[in-house]
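Working notes for the structure below.
These numbers come from the heavy atoms of this one structure, side chains and all, not from hydrogens, waters or symmetry mates.
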There are 2 protein chains.
Amino acid sequence: MAGHRSERGLKRGELARRTGCHLETIRYYETAGLMPEPARTDAGHRIYDPEQERRLRFILRARELGFTIEELKGLLKLIDGDGPSCGDVYDMAEAHIASIRSKITDLKKLEKTLVEISTECARGEAPDCPIIDALYESA
Amino acid sequence: MAGHRSERGLKRGELARRTGCHLETIRYYETAGLMPEPARTDAGHRIYDPEQERRLRFILRARELGFTIEELKGLLKLIDGDGPSCGDVYDMAEAHIASIRSKITDLKKLEKTLVEISTECARGEAPDCPIIDALYESA
DNA sequence: ATAGGGCCTGTAGTTAGTACAGGTGCAAGA
DNA sequence: TCTTGCACCTGTACTAACTACAGGCCCTAT
C-alpha cells in the first residue's frame with residue numbers, strides 16, 4: 001500500500017508537454033542549476049509542483065527573450081531573494097536591448113547585400129555566378 | 001642549403017593577421033574540408049599562396065553573411081567546377097534572405113517587449129522588480 | 001648558448017541543448 | 001497471469017563553429 005499516497009504533481013513528461021519544452025531540457029536546466037532538484041516518487045520519477053512549473057515557465061520566457069543561462073542565474077538569484085537589486089536587472093535588460101539592436105542592424109545590412117547580389121543573378125546556368133563573384137569582393 | 005629555396009607565401013599566423021580571422025580557424029577550415037591542404041616548409045609549417053588567401057577571404061565573407069559550413073561546401077563545389085548550377089546558388093541565397101528577414105522580425109518583437117518592460121522599471125531597490133514580474137507572464 | 005616566439009599536433013572546452021543506449025517499473029490488454 | 005508497451009531513469013555522446021590548451025619542435029636574435 002505504500003508508494004502511491006496521492007503523489008500530486010506533474011511528471012517530467014507532463015511538465016514538458018504543458019510548457020512546450022523538450023523533455024530533456026528540463027533535466028538540463030536541473031543540472032545547470034536553474035531548476036531545483038524536484039521531489040521523487042518511490043520509483044525515482046521526478047514530481048514537479050506548481051511553483052516549479054512557474055519557475056520553468058519563467059526560465060523559458062527569459063530564454064525566448066534571449067537571456068543566456070548565465071544571465072538567468074542572476075535573475076533567479078534575485079527571485080530567490082539574495083543577490084542583485086532590481087537596478088541590476090534593469091541594467092541587464094538595457095544591455096540586452098542594445099545587443100538586440102546591433103544584431104538587427106547587422107542583419108539588415110546583410111539582407112540588403114544578399115538581395116543586391118541575388119537580384120543580379122540571372123538564375124541561369126552561367127559558369128560565372130554573380131553571387132559567387134560578389135562574395136569574392138570583400139565587404 | 002636545402003630548406004629555404006625562397007619559400008614564398010604566407011605562414012598561418014600571417015594569413016590569420018591579414019584576413020583578421022583566428023589562427024586556429026584556418027586549421028579548422030582545413031579539417032572541415034573548406035580549405036585545401038597547403039604546401040609545407042621543410043619544418044612542416046603551412047605555406048599559403050594568394051589563391052588560398054582569396055579562398056579564405058571568400059569563406060570568411062560567406063560566413064559573415066550567415067552561410068553555414070555545409071552551405072559553403074556547396075558554394076565551394078560550384079567554384080571548384082563540379083556540382084550545382086548558379087540557379088542552386090540563387091536558391092540558397094533566397095532561402096537565406098527569408099531566414100534573415102524572419103530573424104529580424106523576431107528580434108524586433110523581442111526588442112519591443114524588452115523596452116516595454118524595462119521602461120516600467122523604476123531602477124530602484126524595490127523587492128518586486130517589474131522586469132521579473134513581466135517575465136513571469138507568458139508571452 | 002639560450003630565451004622567446006611561432007608553429008606543429010591532438011584533444012578538450014564552449015553554448016544550449018538534443019539524442020541515444022541500456023535499464024527499471026507500472027498499467028492495461030490478451 | 002503474462003506480456004507488451006510506454007514513461008521514466010541514468011550516463012554519455014553528439015550538434016555548430018569555433019577557441020583554447022598542453023606538450024613539442026624549430027628558428028632567430030641576443
Side-chain angles (χ1 to χ4, degrees), chain A residues 1-7 9-35 37-48 52 56 58-76 96 99 103, chain B residues 1-7 9-35 37-48 52 56 58-76 96 99 103:
Chain A
M1 267 31 163
H4 52 74
R5 31 187 170 9
S6 76
E7 267 140 359
L10 302 165
K11 277 174 283 166
R12 189 153 59 107
E14 288 163 344
L15 182 58
R17 263 192 305 284
R18 284 171 63 101
T19 57
C21 90
H22 193 281
L23 175 78
E24 296 292 2
T25 301
I26 298 172
R27 189 161 60 112
Y28 171 72
Y29 287 157
E30 190 182 321
T31 61
L34 302 185
M35 286 293 285
E37 287 196 27
R40 301 277 185 144
T41 66
D42 290 356
H45 294 191
R46 288 169 179 83
I47 293 293
Y48 296 95
Q52 285 163 347
L56 177 58
F58 176 87
I59 293 167
L60 293 171
R61 175 103 172 95
R63 289 287 305 121
E64 236 178 65
L65 292 178
F67 289 92
T68 66
I69 300 290
E70 281 310 304
E71 286 171 331
L72 255 164
K73 283 183 189 169
L75 292 176
L76 290 168
H96 219 68
S99 98
K103 267 183 210 159
Chain B
M1 275 2 174
H4 51 75
R5 33 191 169 4
S6 77
E7 265 140 1
L10 303 165
K11 276 175 282 166
R12 189 153 60 107
E14 288 163 345
L15 182 58
R17 264 191 304 284
R18 284 172 62 101
T19 57
C21 89
H22 193 283
L23 176 78
E24 296 291 3
T25 302
I26 298 171
R27 188 161 61 112
Y28 170 73
Y29 287 157
E30 190 182 320
T31 63
L34 302 184
M35 286 293 286
E37 287 196 27
R40 302 277 185 144
T41 65
D42 290 355
H45 294 190
R46 289 169 178 82
I47 293 293
Y48 296 95
Q52 285 163 346
L56 178 59
F58 176 88
I59 293 166
L60 293 171
R61 176 102 172 96
R63 288 288 305 121
E64 235 178 64
L65 292 179
F67 288 93
T68 66
I69 300 290
E70 281 310 305
E71 287 170 330
L72 256 164
K73 283 184 190 169
L75 293 176
L76 290 168
H96 220 68
S99 97
K103 268 183 209 158

Problem - Sugar-phosphate, base or nothing in reach of A/F67, heavy atoms under 4.0 Å - result: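 A/F67: no heavy atom of the nucleic acid under 4.0 Å.
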What integer distance in Å separates [X]:[atom1] from [N]:[atom2]?
{"X": "B/E71", "N": "D/dA17", "atom1": "CD", "atom2": "C1'", "answer": "14 Å"}
{"X": "B/L34", "N": "D/dA17", "atom1": "CG", "atom2": "P", "answer": "10 Å"}
{"X": "A/L72", "N": "C/dG17", "atom1": "CG", "atom2": "C1'", "answer": "14 Å"}
{"X": "A/D42", "N": "D/dC9", "atom1": "CG", "atom2": "P", "answer": "14 Å"}
{"X": "B/H22", "N": "D/dA17", "atom1": "NE2", "atom2": "C1'", "answer": "13 Å"}
{"X": "A/I26", "N": "C/dT18", "atom1": "CD1", "atom2": "C1'", "answer": "14 Å"}
{"X": "B/E64", "N": "D/dA17", "atom1": "CD", "atom2": "P", "answer": "15 Å"}

Problem - Side-chain heavy atoms of A/Y48 within contact of A/R18, under 4.5 Å - result: no
Practice task
Decide yes or no for B/I69 and B/R63: does some side-chain heavy atom of the first lie under 4.5 Å from some side-chain heavy atom of the second?
Solution key: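 The answer is yes, as the side chains (C-beta and beyond) meet within the 4.5 Å cut-off.
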[atom2] on [Y] to [atom1] on [X], rounded to 0.5 Å:
{"X": "B/R40", "Y": "B/D42", "atom1": "CZ", "atom2": "CG", "answer": "12.5 Å"}
{"X": "B/L34", "Y": "B/L60", "atom1": "CG", "atom2": "CG", "answer": "10.0 Å"}
{"X": "A/L15", "Y": "A/L56", "atom1": "CG", "atom2": "CG", "answer": "5.0 Å"}
{"X": "B/R12", "Y": "B/H45", "atom1": "CZ", "atom2": "NE2", "answer": "10.0 Å"}
{"X": "A/R61", "Y": "A/L72", "atom1": "CZ", "atom2": "CG", "answer": "12.0 Å"}
{"X": "A/T31", "Y": "A/E24", "atom1": "OG1", "atom2": "CD", "answer": "10.0 Å"}

Problem - Phosphate contact (D/dC18 OP1 or OP2) by B/Y29 side-chain N/O below 4.0 Å - result: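 B/Y29 to D/dC18 OP1/OP2: side-chain N or O found under 4.0 Å.
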Exercise for the section: Determine: side-chain N/O of B/T25 to OP1/OP2 of D/dT19, distance under 4.0 Å, yes or no. Expected result: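 So the side-chain polar atoms of B/T25 do come within 4.0 Å of the phosphate oxygens OP1 or OP2 of D/dT19, strictly under.
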Restricting both atoms to N or O, compile the protein contacts to nucleotides 28-30 of chain D shorter than 3.5 Å, with distance only.
none

Handout entry: Lys/Arg N to Asp/Glu carboxylate O, B/E70 vs B/K73, below 4.0 Å
Key =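 Between B/K73 and B/E70 there is a salt bridge, with a charged N closer than 4.0 Å to a carboxylate O.
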Completion exercise
Protein heavy-atom contacts under 4.0 Å, written 5' to 3' over nucleotides 6-15 of chain C as B (base), S (sugar-phosphate only) or - (none), form the string -SSBB-----
